Amino acid sequence: MLQKKKQRTTRKITDKSDLFDGVPDDLVVSILCKLSSSVSCPTDFVNILLTCKRLNRLGLHPLVLSKAGSKALAVKAKNWSDSAHRFLKHCVSAGNIEACYTLGMIRFYCLQNRGSGASLMAKAAMKSHAPALYSLAVIQFNGSGGSKNNKDLRAGVALCARAAFLGHVDALRELGHCLQDGYGVRQNITEGRRLLIQANARELASSLNTVVKRQLKQQHQRRLNYQHYAYMTGSGCPLLSDFGCNVPVPEGHPVNVFLKEWFESGLGELGQGLRLCSHKGCGRPETRAHEFRRCSVCGTVNYCSRGCQALDWKLRHKVECGPMERWQEEGGNGNGGDGGAGGMEEVGEAEDLAIG
């Protein structure tokens with residue numbers, strides 16, 4: 001009698017269909033959209049796609065791919081493959097602006113497909129993607145992918161202004177330096193200084209917001225985090241402005257991390273005489289010899305932008321920079337920039353000398 005009862009119960013469970021099969025596709029797609037926009041790494045999203053055929057099919061739905069965030073697209077340089085390239089192209093086809101920017105940067109700098117890369121970044125910029133606008137500004141300032149005659153300083157300033165209006169801190173900082181130096185725009189030291197202070201205020205607000213979120217997470221997990229106390233005791237990354245505030249080092253954009261890993265790991269080879277931007281959070285390489293400008297004091301570091309130079313000064317170069325006799329003899333000036341940082345000098349196309 002007991003055995004028959006068990007058999008009857010087992011039959012009912014077996015005959016019952018999977019509840020997941022009854023969930024409408026549009027509801028699953030909506031959930032996957034939320035997931036793709038909020039995952040912390042690509043693996044989290046890929047693992048969902050590998051769960052079953054239905055999730056794999058719906059996970060590649062154009063609506064889901066269009067919502068994928070920067071962290072879902074943050075492929076590691078060591079994991080770059082044809083399949084990763086195809087995935088990014090699928091996201092681009094679905095209208096994902098972040099994927100346009102990511103793939104554009106990779107093609108332009110890593111795969112050396114300048115035209116396609118710039119086109120993808122321009123596509124993102126036209127949709128008001130601030131990092132794409134700023135990256136195009138850096139390309140215009142340096143004439144990247146072309147000759148020195150391809151520089152367009154006014155276009156660079158205009159792109160920076162648009163990115164700064166959208167809240168991009170690096171673009172705001174770059175625009176401030178352009179106004180202070182009269183680089184591509186009529187010099188206005190007062191307005192330039194105001195923008196630099198505004199950039200530091202935004203940087204501070206962003207850092208404090210990060211600390212608050214971290215504290216809430218710590219309370220939820222009921223454990224202490226040393227980084228919080230490090231922040232309270234004054235360690236971390238000083239702000240550019242010398243306001244006496246210390247904040248944690250800002251997290252770089254995933255595509256900048258990719259560029260840095262790509263070239264430093266040897267996956268991508270720099271041509272003879274080409275160098276990476278010395279700011280460790282940038283990762284941009286030169287596309288021709290002597291494209292980036294050097295520190296006018298020591299001549300040992302080079303930067304793709306004035307903003308990168310100012311940030312790197314506070315991060316590390318301040319304690320390393322010192323005048324070199326050769327540079328002084330060649331006419332390199334030692335005038336300090338904002339906050340004590342050395343200025344930047346153009347480097348000649350034919351020889352590696354500072355212009356006085």
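Please read these numbers as outputs of a predicted model, since none were measured by experiment.
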### Query
Ring centres of Y109 and W262 under 6.0 Å apart?
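Judged by ring-centre distance (under 6.0 Å), Y109 and W262 do not meet the cut-off.
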#### Entry: Centroid separation F141 to Y183 less than 6.0 Å
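They qualify: ring centres under 6.0 Å apart.
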Donor-acceptor pair, distance only, cut-off 3.5 Å: does the side chain of [X] make one with the backbone of [Y]?
{"X": "N142", "Y": "C304", "value": "yes"}
{"X": "S135", "Y": "P131", "value": "yes"}
{"X": "Q187", "Y": "Q180", "value": "yes"}
{"X": "S66", "Y": "N96", "value": "no"}
{"X": "E286", "Y": "R275", "value": "yes"}
{"X": "S38", "Y": "K34", "value": "yes"}
{"X": "N56", "Y": "L49", "value": "yes"}
{"X": "Q198", "Y": "R194", "value": "no"}
{"X": "H168", "Y": "A171", "value": "yes"}
{"X": "N256", "Y": "C282", "value": "yes"}

### Message
Under a 3.5 Å cutoff, is there a donor and acceptor pairing between the side chains of T43 and N47?
### Response
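No donor-acceptor contact under 3.5 Å links the two side chains.
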### Query
Would you say the side-chain atoms of R294 and T300 include a donor-acceptor pair closer than 3.5 Å?
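Judged by distance alone, the side chains do not pair up.
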### Query
Would D181 and R306 pass as an ion pair if we require N to O under 4.0 Å?
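Salt bridge flag = yes for R306 with D181.
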### Query
Could R316 and D312 be called an ion pair, given the rule that one side-chain N must be under 4.0 Å from one carboxylate O?
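So R316 pairs with D312 through a salt bridge.
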For residues [X] and [Y], determine if any side-chain heavy atom of one lies less than 4.5 Å from a side-chain heavy atom of the other.
{"X": "L32", "Y": "H61", "result": "no"}
{"X": "H279", "Y": "Q309", "result": "no"}
{"X": "L55", "Y": "L50", "result": "no"}
{"X": "L58", "Y": "V64", "result": "no"}
{"X": "R107", "Y": "R114", "result": "no"}
{"X": "L259", "Y": "C110", "result": "yes"}

### Message
Within this structure, what is the CG-OG distance for the pair N150 and S147, rounded to the nearest 0.5 Å?
### Response
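Reported to 0.5 Å precision, the distance equals 4.0 Å.
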### Message
Would you compute the distance between atom CG of L195 and atom CG of N200 and round it to the nearest 0.5 angstrom?
### Response
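If I round to the nearest 0.5 Å, the distance is 11.5 Å.
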### Message
For R54, give me all partners under salt bridge (charged side-chain N to carboxylate O under 4.0 Å, His left out), at least two apart in sequence or on another chain.
### Response
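For R54, the residues satisfying salt bridge (charged side-chain N to carboxylate O under 4.0 Å, His left out) (neighbours in sequence not counted) are D25.
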### Task
Would you check, one step at a time, whether the test side-chain contact (heavy atoms from CB on, under 4.5 Å) holds for I189 with L179?
CA-CA 6 Å; I189 297 176; L179 285 166; over 6 Å; no
If the plane angle is over 60° it's perpendicular, under 30° parallel, otherwise tilted; pick one for [X] and [Y].
{"X": "F45", "Y": "F87", "result": "tilted"}
{"X": "H317", "Y": "W313", "result": "perpendicular"}
{"X": "H85", "Y": "W80", "result": "tilted"}

#### Entry: Chi angles and distances behind the salt bridge (Lys or Arg N to Asp or Glu O under 4.0 Å) call for E203, R173
CA-CA 10 Å; E203 186 180 40; R173 179 177 285 113; 3.4 Å; yes
### Partner of C100 by side-chain contact (heavy atoms from CB on, under 4.5 Å), out of K123, M126, H129
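Only one of K123, M126, H129 forms a side-chain contact (heavy atoms from CB on, under 4.5 Å) with C100, namely K123.
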